[in-house]
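For reference, the structure discussed in these notes is given below.
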Amino acid sequence: MNYEELTKILLENSDEKYKKFNSRIIPDTGKSYGVRLPILKDIAKKIALDEDTALLRNKLNSSDVYEDKLLEGFITAYSEYEDTRQMLWYINRHINRMNNWSLCDCFVTSLKKLVLANIDVFYKLANKCVKSKKPWVVRFGLIIYVEYFNEQKYLEEMLADIENISIDHYYVKMGEAWLLSSLYIVNKERVVEFINVTAIDKWTINKACQKIIESTRVSAEDKVFVKSLKRK
């Protein structure tokens with residue numbers, strides 16, 4: 001499949017109502033056809049089966065169309081690679097293209113097969129990303145943690161990473177809050193201790209508390225207690 005053929009398929013599957021819906025909830029989508037995610041994933045899986053996708057992926061990488069960016073991520077996630085180095089090259093190239101939460105989070109969740117097959121590689125990648133000065137790279141690392149490393153053995157290092165993030169960016173802080181609320185399920189005593197002593201800003205702590213309170217996995221009694229941890 002070449003880029004022109006792909007564009008034709010996207011146009012045939014465009015949905016104006018869905019496009020308008022996306023524009024309301026996703027910032028910086030730019031040009032968009034309004035193609036739904038299941039359709040894009042099916043297209044990406046077919047493309048990923050091709051022996052040589054480099055030319056098409058390069059074309060997608062140079063495009064400013066929202067669906068093209070999503071497809072680049074999905075194809076990256078669904079492809080097979082000669083080695084770890086090649087895989088990371090494509091992943092890092094796409095990470096540096098992300099400019100909204102949807103591109104970031106959709107890419108992260110699509111990576112499940114690759115992550116599970118390369119768990120140590122992706123932990124090191126996430127650990128590196130959260131130390132970046134680029135907000136969307138940091139967000140990527142945080143959401144990788146949330147989705148795939150929400151375990152006791154990673155707890156202390158992830159808390160340290162959260163503590164050391166200094167980027168004042170809404171979606172980075174949302175990622176920190178999301179991760180903290182996830183870690184509460186793993187070890188509530190340690191996370192409460194962390195919340196009580198951390199120098200993280202009030203907004204992020206309060207958002208993390210809110211997410212814990214909203215969780216269906218937290219008892220009513222714990223929710224009352226966590227509410228008291230909010231800062232004024």
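Salt-bridge formation is not detected for the pair Asp68/Lys31: no Lys NZ or Arg NE/NH1/NH2 atom is positioned less than 4.0 Å from an Asp or Glu carboxylate oxygen. A salt bridge does not link Glu5 to Lys8: none of the charged nitrogens lies less than 4.0 Å from a carboxylate oxygen. A salt bridge is defined here as a Lys NZ or Arg NE, NH1 or NH2 lying under 4.0 Å from an Asp or Glu carboxylate O, and Glu72 with Arg57 fails to meet this definition.
No donor-acceptor distance shorter than 3.5 angstrom exists from the side chain of Lys227 to the backbone of Ile213, with no hydrogens or angles considered. A distance-only check finds no donor-acceptor pair linking the side chain of Gln86 to the backbone of Tyr81 [under 3.5 Å]. Judged by distance alone, with hydrogens and angles left aside, the side-chain atoms of Ser79 form no donor-acceptor pair with the main-chain N or O of Thr76 at under 3.5 Å. Counting only distance, with no hydrogens or angles, the side chain of Asn118 and the backbone of Val121 share no donor-acceptor pair below 3.5 Å. Side-chain atoms of Asn187 do not come within 3.5 Å of backbone N or O of Leu183 as any donor-acceptor pair. Between the side chain of Asp161 and the main chain of Val130, no donor-acceptor pair closer than 3.5 Å is present. Judged by distance alone, the side chain of Lys46 and the main-chain N or O of Lys41 form no donor-acceptor pair under 3.5 Å. The backbone N or O of Lys59 sits less than 3.5 Å from a side-chain atom of Ser62, completing a donor-acceptor pair. Asn150 places no side-chain N or O within donor-acceptor distance of the main-chain N or O of Val146, the cut-off being under 3.5 Å. Looking at Arg97, its side chain does come within 3.5 Å of a backbone N or O of Asn61 through a donor-acceptor pair.
Tyr123 and Glu157 are linked by a side-chain donor-acceptor pair at a separation below 3.5 angstrom, with hydrogens and angles left out of the test. Side chains of Lys131 and Asn164: a donor-acceptor N/O pair is absent below 3.5 angstrom, by distance only. Asp50 and Thr53 form no side-chain donor-acceptor contact under 3.5 Å, judged by distance and modelled atom types alone. Defined by atom type and a distance below 3.5 Å, a donor-acceptor pair is missing between the side-chain atoms of Thr7 and Tyr33. Looking only at atom types and distance, the side chain of Glu163 has a donor-acceptor partner in the side chain of Thr198 under 3.5 Å away. Glu147 and Thr109 are not linked by any side-chain donor-acceptor pair at a separation below 3.5 angstrom, with hydrogens and angles left out of the test.
The CE atom of Met98 sits 10.5 Å away from atom NZ of Lys134, with the distance rounded to the nearest 0.5 Å. Here the OH atom belonging to Tyr90 is positioned 13.5 Å from the CG atom belonging to Leu114, to the nearest 0.5 angstrom.
Between Tyr148 and Val108 the shortest side-chain heavy-atom distance falls below 4.5 Å. Residues Lys17 and Lys20 have side chains not in contact (no heavy-atom distance under 4.5 Å, counting atoms from C-beta outward).
Taking the six-membered ring for Trp and the full ring otherwise, Phe140 and Trp101 have centroids separated by 6.0 Å or more.
Nearest heavy-atom pair across Leu180 and Ala208 is CB-CB, 3.9 Å. Taking every heavy atom of both residues into account, Ile95 and Cys129 meet most closely at CD1-SG, 4.3 Å.
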### Task
Please step through salt bridge (Lys or Arg N to Asp or Glu O under 4.0 Å) for the pair Arg190 and Glu193, ending with a clear verdict.
CA-CA 5 Å; Arg190 180 66 183 96; Glu193 178 187 17; 3.4 Å; yes
### Derivation of the ring-ring contact (aromatic ring centres under 6.0 Å, His included) call for Trp136 and Tyr171
CA-CA 8 Å; Trp136 292 110; Tyr171 287 101; 5.5 Å; yes
### Task
Might you work through the side chain to side chain donor-acceptor pair (under 3.5 Å) test for Arg93 and Asn58, ending with a clear yes or no?
CA-CA 10 Å; Arg93 182 171 76 161; Asn58 288 341; 2.9 Å; yes
